[in-house]
Structure formats: structure tokens, C-alpha cells
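Just so we're on the same page: letters track the sequence lines, and every chain starts at 1. As the structure is a prediction and not an experimental result, all values here were calculated from the model.
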Number of protein chains: 2
Amino acid sequence: MSDTKPVDAHSPECMKVSQVLSRLGDKWSVLVIMMLRERSQRFSELKRGIEDISQRMLTLTLRNLERDGLVSRTVTPSIPPRVDYELTPLGLSLAEPVQALGMWVFRNIGELSAAQARYDARERDHTSAA
Amino acid sequence: MSDTKPVDAHSPECMKVSQVLSRLGDKWSVLVIMMLRERSQRFSELKRGIEDISQRMLTLTLRNLERDGLVSRTVTPSIPPRVDYELTPLGLSLAEPVQALGMWVFRNIGELSAAQARYDARERDHTSAA
DNA sequence: CGGCATCCAGTCCGATACTG
DNA sequence: CAGTATCGGACTGGATGCCG
């Protein structure tokens, strides 16, 4: 890219980037993507895999991902019904940069936590030094 | 990479990843990071650069980034006061994977929009076919 | 100029209950 | 098993006004 003048926050492109970023930033999307990266899974597998996600939020998250074309939904009309979710090629390709970001965080957890601790400590000083 | 068993959603690492992701997912953080990627900037430069950000949100966003050690804040006690913000090395290194993600979105805007349009069209059918 | 405090609307998300 | 509907609390983000 090498955009020398980088941010035109109003271009449709930037809007889309924000949009995707806020999807990824929601509470569960990335977790779901990461779970599906390995293999397609049923609704209840995902639910168990993530544990403290509510049924409602899992449904909503999957719908959103589906809408973005990142996840596909396959209904098998048996009894009981069975629904499998899997990453589309698009979703799979997204998983890569997401993973890269995850690795960055992983590498820098220490720095991050230290910075936060420092900041909070300074905060406390200011507040208590009244 | 090549983690065969990827998601332990309850590990402190994953919590941190989520945390950072939701910071990036908030409305303005990425925009600010991208603006600072080029050069350090004053509060009002950032404000003008992003335009429809409110003063309040710019302040909050910067505080959060500062807390995470991604941005440093330099006060010059002149009159009128002057405050410069710049990416720390940590923030700069974060900008890379973020940029990668941005590029992914950029490359896939078409797919994304198409998928959304398709989904929404199907939605409308279902709803109107009542 | 930079920033905090207040107030308020909109949204997100969890708990619960019900359906095919 | 998978999903929808409803409600209520918490949080996010915008507008405004005041302060150093």
C-alpha cells in the first residue's frame, strides 16, 4: 500500500474497515472464528467450546458472521435438527490477519499489562494526592 | 502459528486478546493509531484529522491508548498549552498487524458487501413471504 | 488549547421463557 | 437441538458547559 497520506476516515473503504473492526471487536466473533478455523462445528459444540456465551449471543454472533459471508450455515433437517457452521474461504482468509493480531497481543501481553499497571498506579496517586 | 489446539477462551492470554480486540473495535482507536503512524500530532490536529470525533471521545480514546502503553502524551506547559501525542514503539508495532487487517478488508470489500447484500435480500424475502 | 463533568439517547448483552 | 421473543441493566458515545 505505502499510502503516504493514510487516513481518509470518510472514504467508503475506511468505513468498511471500521465496520469489520467493530464486528471483530464485539465480544465473541473472534472466538467463534478461531473455533471454526480447525473444523466445522455444530451449534452446541460451539456453545460448549466457548462456555460462558449465552445461546442468544452465539446465535447473534453467527448471524452476523454469516451476513458478512465469513461463516456458512448448513441445516440438516433431521430429528433432532442439526446445524453446522463452518468458515467460508473468505472467513478462513480473515482468520490469518486476525491470528497475526492475536500473536502480536500474545507477544506483548507483558508490556501491555505493565503499561496498564503503571498507568493505574499513577492514576491512584493523583486521585489520592488530593 | 501452528497451534493445533487453538482456543482456550479462559486463558489469561485469550482474555487479553479479547481486551485488545475490543479496544481496537471501539469507534475511534484504529483511526487514531493510523493518524499517529505517520508522525506525532497535537490534540487539535487529531481532532481536525478525524473530523466527526467529539472532543470527549478523542480524549477518552487517547487515554485508553495511553493506558495500554500504545500512545505517549507530552505536555508543553506554554500558553496556550500544547499537548502532543505519539505512538510508542509498542504502538508502532501494533500498527503493523492492524494495517494487515486493514489491507485484508480493503482487498475483500467487494466480497463483504456482496455477501451482505445477498443476505439482506434473502432476509427481505423471508419476511415479506409471510 | 486541551480537558473534565454532567446529562441523555442508543446500543449491547445477559437472563429467562417459549417454539419447531 | 437450535432458535426466537422479551425485558432490564450496563455500557457507549454525543452534546453541552465549565475550568486550567
Donor-acceptor contacts, no H, no angles, side chain residues 103-110 of chain A, under 3.5 Å, sequence neighbours left out:
unit_1	atom_1	unit_2	atom_2	d
A/Trp104	NE1	B/Ser93	O	3.4
A/Trp104	NE1	B/Ser93	OG	2.9
A/Asn108	ND2	A/Trp104	O	2.7

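- In this structure, the salt bridge (Lys or Arg N to Asp or Glu O under 4.0 Å) partners of B/Arg82, at least two apart in sequence or on a different chain, are B/Asp84.
- Within residues 80-87 of chain B, the residues having any heavy atom closer than 4.0 Å to DNA chain D are, in order of number, B/Pro81.
- Not counting sequence neighbours, A/Gln55 has no partner by the side-chain hydrogen bond (donor to acceptor under 3.5 Å, both in side chains) test.
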Give each protein N/O atom lying under 3.5 Å from an N/O atom of nucleotides 13-16 of chain D, with the pair distance.
unit_1	atom_1	unit_2	atom_2	d
D/dG13	OP1	B/Lys27	N	3.3
D/dG13	N7	B/Arg56	NH2	2.8
D/dG14	OP1	B/Lys27	NZ	2.5
D/dG14	N7	B/Arg56	NE	3.0
D/dG14	O6	B/Arg56	NE	3.2
D/dG14	O6	B/Arg56	NH1	3.4

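- Across the protein-nucleic acid pair, A/Lys47 atom NZ and D/dG3 atom P stand 13 Å apart, rounded to whole Å.
- Rotation axes derived from the C1' atoms of the five outermost pairs at either end of the helix from C/dC1-D/dG20 to C/dG20-D/dC1 lie 40° apart, to the nearest 10°.
- Residues A/Tyr119 and B/Leu60 fall into different hydrophobic clusters, defined by Ile, Leu, Val, Met, Phe, Trp and Tyr side chains chained together at heavy-atom separations under 4.5 Å.
- Looking only at atom types and distance, the side chain of A/Gln116 has no donor-acceptor partner in the side chain of A/Glu111 under 3.5 Å away.
- Residues satisfying the side-chain contact (heavy atoms from CB on, under 4.5 Å) criterion with A/Arg23, sequence neighbours excluded, are A/Asp26, A/Ser29, A/Asn64, A/Leu65, A/Asp68.
- Not counting sequence neighbours, A/Gln41 has no partner by the side-chain hydrogen bond (donor to acceptor under 3.5 Å, both in side chains) test.
- Applying the side-chain hydrogen bond (donor to acceptor under 3.5 Å, both in side chains) rule to A/Arg56 yields no partners; only residues at least two apart in sequence or on another chain are considered.
- Scanning DNA chain C 5' to 3' for nucleotides with an atom closer than 4.0 angstrom to a non-hydrogen atom of chain A gives a first and last hit of C/dC13 to C/dG20.
- Side chain of B/Lys47 to main chain of B/Ile53: a donor-acceptor pair is present (N/O by atom type, distance under 3.5 Å, no hydrogens or angles).
- Looking at residues two or more places apart in sequence or on another chain, you find no side-chain contact (heavy atoms from CB on, under 4.5 Å) involving B/Ser22.
- The closest side-chain heavy-atom distance from B/Leu58 to B/Trp28 is not below 4.5 Å.
- The salt bridge (Lys or Arg N to Asp or Glu O under 4.0 Å) analysis of residues 71-81 of chain B, with sequence neighbours excluded, yields no pairs.
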